[in-house]
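Inspection log for the structure reproduced underneath, given as structure tokens.
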Amino acid sequence: MSNSRSILNFRAFLVVAPIVAASVFCVYCYMYNRIAGIVLSVLCILACAALSAIFIYRFIRNMSRLIVAISFSLATILSISAISFGVIFADKWENGKEFNGYCTVMGRVCDIDIRTGQYRLFLDDLLLNGKSADGVLRISIAVSDRNIADTVRPGDSLQFGANVRALDLADESGKINGNAYRTDVRYTASVSSEGIVQRFGEPSVLEKFTMSIKSKLVDNMGEKYGNIAYSMLTGDKHGLSVGISDYFSAAGLGHIMAVSGLHIGFFVLLINFILCKLSKKIRYPIIAAVLLAYTVLADFSPSVVRAVIMVFISGIGILIGGRRDLLSALLCAFSFILAVKPFYMFEVGFLLSFGALFGIAVFSGTVRRFLSKRNAHRKVNEAISGSVSATLGIIPAGVYFFGKIQILSVLVNIFVLPYITIAFLSIVCLLPIAAIPYCGPVLVVCKYLLMPLDYIAYGIARLPYTIIQLSSTWAVFLCYPLMFMAGEHVMLKKCKTAVSWYSLAVCMIIIIVSAL
């Protein structure tokens with residue numbers, strides 16, 4: 001892939017991913033200045049197309065490798081896709097502002113959130129002032145006025161009048177509302193129960209399925225642990241109190257309730273164990289089908305989509321005998337997701353998910369070799385290298401979005417992750433048994449497995465100095481190129497230590513200076 005004098009091992013998506021990211025920033029500029037955004041988008045596409053044509057010509061003349069021509073051709077296609085989807089979505093979101101003010105609202109309940117002091121109902125299939133509106137409306141109902149909130153269920157239709165506020169996709173400081181983009185919540189309103197006309201309806205097949213899972217867990221494990229188990233399975237934390245989410249997050253264990261690559265890994269591990277007697281050509285299509293179904297259940301969470309794409313790439317590599325490379329698969333998923341959902345680049349879950357895997361891709365090999373030289377046990381080595389590398393990878397995003405660094409998360413995940421694996425797989429394995437009439441109480445086992453995990457998270461969150469408060473600007477993301485330079489993909493062995501220390505020093509300077 002590279003000659004002996006090359007600094008980097010060439011990988012196609014090391015070219016594609018930065019170009020797609022640049023295309024997303026063109027769309028970002030379009031939101032604030034349409035002329036500038038259009039000019040930058042055209043220049044970006046023309047530059048990609050020109051380079052693609054040049055390298056295709058060089059390949060035909062045997063002056064260049066096919067992989068280079070394919071890289072720039074794919075970058076051109078994905079850039080056009082990212083810009084097109086981004087511009088269309090930004091325009092549609094902006095058009096929603098025509099509904100600012102008092103509106104007659106009709107919509108279908110698609111989700112319910114009871115975490116805060118207010119009930120929050122989410123409506124899709126919206127009609128505002130008799131006109132069809134894209135996106136989702138979130139309405140808040142005070143707990144003291146919750147009579148309708150006790151009876152409403154997904155699938156019901158609501159009609160009322162209220163002052164509707166259209167949300168901005170980006171605020172005046174230029175920060176994208178990533179959560180609103182991910183959930184497609186474009187409007188908010190506060191209403192009184194007395195003003196709502198409710199019509200009972202039928203939930204969709206998927207809603208019935210998820211409601212039955214949640215009901216089975218809550219009925220047999222109790223409100224608290226049933227909702228923790230449900231959030232571990234689906235990533236839906238709407239049934240959890242804010243306090244539970246907070247102390248799991250403070251302990252560095254919040255990721256277990258945000259469906260991610262960790263959960264996909266659990267599923268792959270379980271299915272591989274069950275189907276171990278089958279050949280790979282039979283086993284991998286079954287794994288692919290199960291993961292696709294789970295992606296739908298997790299509502300196409302960006303971290304799940306990322307993990308599934310990477311599993312597919314890994315499976316294809318195993319089937320055809322190709323070399324598997326974590327960084328290549330990660331950048332491939334990054335490029336294709338942004339080509340369809342460009343504003344995910346500004347969404348916290350997406351960045352944390354990719355940051356963790358990026359850290360593992362660039363640092364885990366170095367940490368593993370360091371521990372191997374000190375005769376660390378293989379399992380211990382893998383646990384420490386994975387936890388340390390993932391923590392390094394999420395620090396920039398964590399500092400920017402949450403203004404904090406969880407200093408105990410490395411140790412906590414090293415010791416607790418094996419137990420989390422047992423608890424999660426127990427829920428997955430016992431839930432089908434609990435679906436059999438009169439067998440629901442078997443889930444009590446899962447309740448007692450989650451209790452120690454809950455106590456551990458609560459106890460660690462109350463320890464002093466578990467969190468370092470440190471805010472920063474967007475400049476903190478400049479740490480990622482420096483991390484790459486300090487990682488194992490830079491082949492300057494004689495300068496490896498110096499590059500690593502200098503990169504670490506520059507990262508710390510960026511974080512500290514941008515925090516001032």
Side-chain angles (χ1 to χ4, degrees), residues 31 88-173 175-204 206-208 210-211 214 227 235-242 245 299-300 343 346-349:
M31 293 173 58
I88 292 171
F89 187 87
D91 286 343
K92 284 187 175 181
W93 193 290
E94 188 67 22
N95 292 338
K97 291 185 177 180
E98 69 174 288
F99 299 112
N100 257 328
Y102 188 85
C103 293
T104 300
V105 179
M106 293 183 63
R108 176 186 174 278
V109 177
C110 60
D111 203 356
I112 301 171
D113 183 359
I114 61 171
R115 287 177 293 176
T116 64
Q118 293 179 316
Y119 269 43
R120 291 181 172 180
L121 307 179
F122 297 82
L123 309 181
D124 58 12
D125 296 337
L126 290 173
L127 286 176
L128 302 180
N129 291 332
K131 297 171 65 176
S132 179
D134 294 322
V136 174
L137 168 69
R138 183 184 69 222
I139 62 173
S140 298
I141 303 174
V143 171
S144 58
D145 183 34
R146 53 181 268 185
N147 53 312
I148 194 170
D150 290 333
T151 61
V152 72
R153 293 290 182 270
D156 292 350
S157 295
L158 303 182
Q159 181 177 353
F160 54 90
N163 284 310
V164 173
R165 182 172 71 90
L167 297 178
D168 292 322
L169 183 57
D171 60 24
E172 293 181 357
S173 66
K175 192 170 184 179
I176 299 292
N177 190 338
N179 184 62
Y181 176 71
R182 178 177 56 82
T183 58
D184 205 23
V185 174
R186 306 191 192 185
Y187 316 95
T188 63
S190 295
V191 298
S192 169
S193 290
E194 285 77 11
I196 299 176
V197 177
Q198 178 182 5
R199 294 183 178 87
F200 295 105
E202 279 294 314
S204 66
L206 180 60
E207 288 169 343
K208 285 181 179 179
T210 55
M211 287 166 62
K214 185 173 184 178
N227 278 306
D236 184 351
K237 297 189 283 288
H238 287 167
L240 293 174
S241 69
V242 175
S245 299
D299 197 25
F300 294 93
F343 291 110
F346 309 99
E347 199 271 328
V348 57

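Heavy atoms only: backbone and side chains are in, while hydrogens, waters and symmetry mates are out.
Partner of Leu158 under the side chain to side chain contact (heavy atoms under 4.5 Å, CB included) criterion, chosen from Leu137, Leu121, Val197: Leu121.
The shortest side-chain heavy-atom distance between Leu169 and Arg186 does not fall under the 4.5 Å cut-off. Inter-residue side-chain proximity for Thr183 and Arg138 is flagged as unmet; no heavy-atom pair is nearer than 4.5 Å. Counting heavy atoms from C-beta outward, Glu202 and Lys208 have side chains that approach closer than 4.5 Å. Taking the side chain as every heavy atom from C-beta outward, Ile88 and Trp93 never approach each other to under 4.5 Å.
The CG atom of Leu123 sits 9.5 Å away from the CG atom of Leu128 when rounded to the nearest 0.5 Å. Put simply, CD1 on Ile141 and OH on Tyr119 are 9.5 Å apart, with the number rounded to the nearest 0.5 Å. Between Phe160 atom CZ and Met106 atom CE the span is 11.0 Å, to the nearest 0.5 Å.
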**Item:** Working for side chain to side chain contact (heavy atoms under 4.5 Å, CB included), residues Arg199 and Gln159
**Value:** CA-CA 8 Å; Arg199 294 183 178 87; Gln159 181 177 353; 3.2 Å; yes
**Prompt:** Does the pair Arg108 and Leu126 meet the rule for a side chain to side chain contact (heavy atoms under 4.5 Å, CB included), with working shown?
**Reply:** CA-CA 7 Å; Arg108 176 186 174 278; Leu126 290 173; over 6 Å; no
**Message:** ring-ring contact (aromatic ring centres under 6.0 Å, His included) for Phe89 and Tyr181? Distances and angles first, verdict last.
**Reply:** CA-CA 10 Å; Phe89 187 87; Tyr181 176 71; 4.9 Å; yes
**Asked** Would Thr188 and Ile139 count as a side chain to side chain contact (heavy atoms under 4.5 Å, CB included) if you check the C-alpha gap in whole Å, the side-chain angles of each, and the deciding distance to 0.1 Å?
**Response** CA-CA 6 Å; Thr188 63; Ile139 62 173; over 6 Å; no
**Request:** Show your working on side chain to side chain contact (heavy atoms under 4.5 Å, CB included) between Ser132 and Leu127 and close with a plain yes or no.
**Result:** CA-CA 5 Å; Ser132 179; Leu127 286 176; 4.3 Å; yes
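Using modelled atom types, one side-chain atom of Glu207 and one backbone atom of Ser204 make a donor-acceptor pair closer than 3.5 Å.
Under 3.5 Å, the side chains of Gln198 and Ser157 contain no donor-acceptor pair of N or O atoms.
Taking each heavy atom of Val109 and Arg153 in turn, the nearest pair found is CB-O, 3.8 Å. Between Gly201 and Asp156 the shortest heavy-atom distance is N-OD1, 3.0 Å. The shortest heavy-atom contact between Leu167 and Val185 is CD1-O, 3.5 Å. Considering all non-hydrogen atoms of both residues, Cys110 and Asp124 come closest at CB-OD2, 3.4 Å. Taking every heavy atom of both residues into account, Val152 and Ile112 meet most closely at O-CD1, 3.6 Å. Nearest heavy-atom pair, Asn129 versus Tyr102, reported as atom, atom and distance to 0.1 Å: ND2-O, 4.0 Å.
When the shell of 6.0 Å around NZ of Lys92 is examined, it contains 12 or fewer heavy atoms from other residues, nucleotides or ligands.
Using a 4.0 Å cut-off between a side-chain N of Lys or Arg and a carboxylate O of Asp or Glu, Lys131 and Glu98 qualify as a salt bridge. Look at Asp168 and Lys97 and you find a salt bridge, because one of the NZ, NE, NH1 or NH2 atoms lies within 4.0 Å of a carboxylate O, short of that distance.
Residues passing the salt bridge (Lys or Arg N to Asp or Glu O under 4.0 Å) test with Asp134, sequence neighbours excluded: none.
Ring planes of Tyr187 and Phe99: perpendicular class, angle over 60° (limits at 30 and 60°).
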